[in-house]
Novice: 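Input: one structure, supplied below.
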Amino acid sequence: MTTGRHVQLTSPYGVVRVQVIVTDRVQGKQLYMPLNSVEEPVNRLTSSFTDRATHTPAYKETPVSMTVLPEQGENPLPRRNFRYGTRTPQPGLEIERKWARKDYHLPGTVAADKLVQITSTTV
């Protein structure tokens, strides 16, 4: 797999066609897709299920299959991206501290992690 290759991601809820950036920042059977893609939004792959504890969309628990397509394009990473130069840290974003906590575990890796469907009713 090379950066710029086109792939098709298929979930139980939809399909998107995107270009990949190959990096060591995502490993194993994981992939990362930004939430702000205009061309192929990640919402096409997700359901209306939410995380039980946070009541936020269950993006991290969305199973997908990836089909590598024959098209090869240029690197889709914008030249202004921090990976080409100086990082621009965001004050107040302390994800490493969260990951280092003894009580933290990856979502979906503990039996107590269950997805719930939030429904609304009209009265």
Novice: Apply the side-chain contact (heavy atoms from CB on, under 4.5 Å) test between Met33 and each candidate in Val26, Leu9, Val20; give the one that qualifies.
Specialist: Leu9

Novice: For the residue pair Pro63 and Pro12, establish whether any side-chain heavy-atom pair is separated by less than 4.5 Å.
Specialist: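 Touching, per the 4.5 Å side-chain cut-off.
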
Novice: My understanding is that only residues two or more places apart in sequence, or in another chain, count here; which of them pass side-chain contact (heavy atoms from CB on, under 4.5 Å) with Arg101?
Specialist: Lys98, Asp103, Tyr104

Novice: Do Leu31 and Leu69 sit in one hydrophobic cluster, given that two such residues count as connected whenever their side-chain heavy atoms are within less than 4.5 Å of each other, even indirectly?
Specialist: no

Novice: Compare all side-chain heavy atoms of Met66 with those of Thr10 and state whether any distance is below 4.5 angstrom.
Specialist: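 They are not in side-chain contact.
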
Novice: Would you say Glu71 and Arg17 make side-chain contact, with heavy atoms under 4.5 Å?
Specialist: yes

Novice: Partners of Ser11 by side-chain contact (heavy atoms from CB on, under 4.5 Å), sequence neighbours excluded?
Specialist: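 Listed in chain order: Tyr13, Leu45, Thr62, Val64.
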
Novice: Which pair of heavy atoms, one from Gln19 and one from Pro76, lies closest together, and at what distance?
Specialist: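 Taking Gln19 first and Pro76 second, the nearest heavy atoms are OE1-CB, 3.8 Å.
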
Novice: Shared ILVMFWY cluster between Val68 and Val15, side chains joined below 4.5 angstrom?
Specialist: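 Per the 4.5 Å side-chain linkage, Val68 and Val15 are not co-clustered.
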
Novice: Would you confirm whether Gln72, through its side chain, and Thr3, through its main-chain N or O, come within 3.5 Å as a donor-acceptor pair?
Specialist: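 Checked: pair present.
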
Novice: Between Val7 and Tyr32, is there a shared hydrophobic cluster once you connect ILVMFWY residues whose side-chain heavy atoms come closer than 4.5 Å?
Specialist: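 Val7 and Tyr32: separate clusters.
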
